[in-house]
Number of protein chains: 2
Amino acid sequence: MLTRSEEDHLKAVYALLQHSDQENGRNRTASTKAIAERLSTKASSVTDMLKKLAEKGLLKHVPYYGVKLSAKGQAAALRLVRKHRLWETFLVERLGFGWNEVHEVAEQLEHVSSDKLTNSLEEYLGHPRFDPHGDPIPDRDGNVQVRSTRPLTRCVVGERVRLAAVKGPNDALLQLLDQKGIGIGMVYHVRSRQVFDGSIELRSKEGQESTVSEQVAAQLLVEPVRP
Amino acid sequence: MLTRSEEDHLKAVYALLQHSDQENGRNRTASTKAIAERLSTKASSVTDMLKKLAEKGLLKHVPYYGVKLSAKGQAAALRLVRKHRLWETFLVERLGFGWNEVHEVAEQLEHVSSDKLTNSLEEYLGHPRFDPHGDPIPDRDGNVQVRSTRPLTRCVVGERVRLAAVKGPNDALLQLLDQKGIGIGMVYHVRSRQVFDGSIELRSKEGQESTVSEQVAAQLLVEPVRP
DNA sequence: ACAAAATATTAGACATGCCTAATTTATTAT
DNA sequence: ATAATAAATTAGGCATGTCTAATATTTTGT
Ligand SMILES: [Mn+2]
Ligand SMILES: [Mn+2]
Ligand SMILES: [Mn+2]
Ligand SMILES: [Mn+2]
């Protein structure tokens with residue numbers, strides 16, 4: 001049985017390792033400071049918790065270097081991520097929450113422990129594979145759908161892409177996207193890219209034109225359109 | 001902001017006061033020992049918590065006598081009861097849980113704090129007025145439906161009654177009722193009552209006959225059938 | 001290569017919530 | 001009315017999770 005704080009620490013480590021895996025090479029390690037920032041605590045508190053989790057065999061801690069998850073820790077983190085994203089999906093799909101309103105509540109709901117609940121919820125939602133922000137929902141065995149996405153900033157003019165996910169589901173960013181009518185799953189034609197500020201002009205399949213700044217484009221993860 | 005433990009203590013006090021109000025006269029008080037039993041803790045821990053809650057103005061604590069809820073405490077308890085019963089309803093109605101499987105999970109879910117979540121859930125469920133055990137769900141202002149129910153043991157032969165609620169939703173009891181096909185809302189004709197053991201024979205509107213022991217009958221709360 | 005800066009850990013403290021054992025107060029039985 | 005019993009509180013202790021300040025180690029900049 002893990003406490004709420006233990007679970008949150010594991011999830012933070014998992015998220016940071018995901019990020020660094022994607023940006024730098026494989027096999028990076030999560031830093032104490034980054035974990036503390038993500039959880040709004042202090043580095044010293046994180047060190048304490050890392051020692052505790054290492055003793056429980058959930059992660060490997062090399063003092064002054066950082067941590068990696070053990071198989072057990074990875075599994076626990078994935079179970080939490082699974083619950084978080086299933087609840088987010090429930091809140092948006094069934095209760096009519098906006099995709100920018102779900103994070104805090106899911107942050108609480110994810111800690112409810114009942115396998116029957118988690119699996120029933122998944123079934124009730126029709127086994128969704130992605131959450132409202134486009135992030136993949138791990139299945140009950142901890143398998144995560146892998147997709148080859150890249151930021152919209154890496155696209156060239158003329159490409160057709162589908163918006164797969166939003167990187168840092170920040171509240172203000174999600175509201176901006178709502179206003180522009182930009183949403184997960186939509187397909188866009190990259191019309192132009194300004195040299196001056198890096199802003200990008202998009203046109204949806206339905207003919208809707210939108211311009212996004214470079215800052216926004218960097219947060220939009222797109223995937224190639226199949227056909 | 002109340003902690004989980006504070007909330008659970010308030011709810012225990014509320015439940016005990018409800019019980020004693022119904023059985024004895026009005027204005028009874030909840031005892032330290034009863035609270036401890038209900039929460040599976042020790043009396044000394046309860047005393048600590050009662051002092052804390054009294055300082056916060058949530059209840060009135062007269063040492064060596066017992067506690068009553070203040071208006072603030074009553075409101076907080078009712079919010080918790082509301083969430084508990086809404087979640088139980090969700091689990092049964094939407095996720096297909098059995099009515100004997102919901103308590104533990106609802107015990108966790110009730111502590112998730114988000115008014116938007118609670119109210120959306122209520123609306124999603126179609127503003128249910130009773131939970132799967134027949135207990136009334138307080139509305140967002142803390143109003144609770146009052147019904148005049150009595151245990152089946154107080155009925156006389158020949159009466160027609162509707163099963164309104166199950167008193168102590170004990171797991172084994174609920175399973176027994178499931179097996180006999182007895183459920184909330186069903187209307188029964190009281191056919192006979194044995195002098196020897198107090199067992200009662202019932203016949204449902206649909207013609208299904210069931211016999212229940214006195215022990216079971218004492219837990220079945222019934223209300224008069226409207227005509 | 002070294003000093004300065006950044007990052008991490010340790011030491012020591014505090015709040016919370018729980019426990020056991022000892023003590024106080026209330027209830028009950030004779 | 002008093003003694004025995006039950007219930008409640010207090011005292012003292014422990015685990016958890018957090019903090020600040022002091023110290024250790026690594027990384028960075030020149
Ligand atoms: Mn969380
Ligand atoms: Mn998400
Ligand atoms: Mn609870
Ligand atoms: Mn119930």
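It should be emphasised that the depicted structure is a prediction, and the values quoted were computed from it without experimental measurement. Numbered from 1 within each chain, the chains take letters A, B, ... in sequence-line order. Heavy atoms only: backbone and side chains are in, while hydrogens, waters and symmetry mates are out.
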Given atom [atom1] of [X] and atom [atom2] of [N], what is their separation to the nearest angstrom?
| X | N | atom1 | atom2 | answer |
| --- | --- | --- | --- | --- |
| B:Lys42 | D:dT10 | NZ | C1' | 17 Å |
| B:Ile35 | C:dC18 | CD1 | P | 13 Å |
| B:Met49 | C:dC19 | CE | C1' | 14 Å |
| B:Leu2 | C:dA15 | CG | P | 20 Å |
| A:Asp48 | C:dT9 | CG | P | 10 Å |
| B:Met1 | C:dT16 | CE | C1' | 16 Å |

With B:His61 via ring-ring contact (aromatic ring centres under 6.0 Å, His included) - residues at least two apart: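 ring-ring contact (aromatic ring centres under 6.0 Å, His included) check on B:His61 returns nothing, list empty.
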
Listed partners of B:Lys56 passing salt bridge (Lys or Arg N to Asp or Glu O under 4.0 Å), at least two apart: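 Result, salt bridge (Lys or Arg N to Asp or Glu O under 4.0 Å) vs B:Lys56: B:Glu6.
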
Would you give me the side-chain donor-acceptor pairs under 3.5 Å for residues 31-38 of chain A, sequence neighbours excluded?
from, atom 1, to, atom 2, distance (Å)
A:Ser31, OG, A:Ala34, N, 3.1

Strand-adjacent residues in residues 3-13 of chain B, judged by heavy atoms under 4.0 Å from DNA chain D: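 Here the set is empty: none.
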
Test log, rule salt bridge (Lys or Arg N to Asp or Glu O under 4.0 Å), inputs B:Arg82 and B:Glu122: CA-CA 9 Å; B:Arg82 169 171 160 79; B:Glu122 180 186 31; 2.9 Å; yes

Under 3.5 Å donor-acceptor, B:His111 side chain and B:Glu107 backbone: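 Flag set: sc B:His111 to bb B:Glu107 pair under 3.5 Å.
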
Check: B:Asn170 side chain, B:Ala172 main-chain N or O, donor-acceptor pair, under 3.5 Å: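 Yes, because the side chain of B:Asn170 sits within donor-acceptor range (under 3.5 Å) of the backbone of B:Ala172.
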
What pairs of donor and acceptor atoms, side-chain ones from residues 84-91 of chain A against any protein atom, are under 3.5 angstrom apart with sequence neighbours left out?
from, atom 1, to, atom 2, distance (Å)
A:His84, ND1, A:Glu110, OE1, 2.8
A:His84, NE2, A:Glu88, OE2, 2.8
A:His84, NE2, A:His103, ND1, 3.3
A:Arg85, NH1, A:Pro136, O, 2.7
A:Trp87, NE1, A:Leu109, O, 3.4
A:Glu88, OE1, A:His133, ND1, 3.1
A:Glu88, OE2, A:His103, ND1, 3.4
A:Thr89, OG1, A:Arg85, O, 2.7

B:Gln145 atom CD, over 12 foreign heavy atoms within 6.0 Å: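 For B:Gln145, atom CD is crowded (more than 12 foreign heavy atoms under 6.0 Å).
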
Base-contact (B) and sugar-phosphate-only (S) positions in nucleotides 1-9 of chain D, heavy-atom cut-off under 4.0 Å, - elsewhere: ------SBB

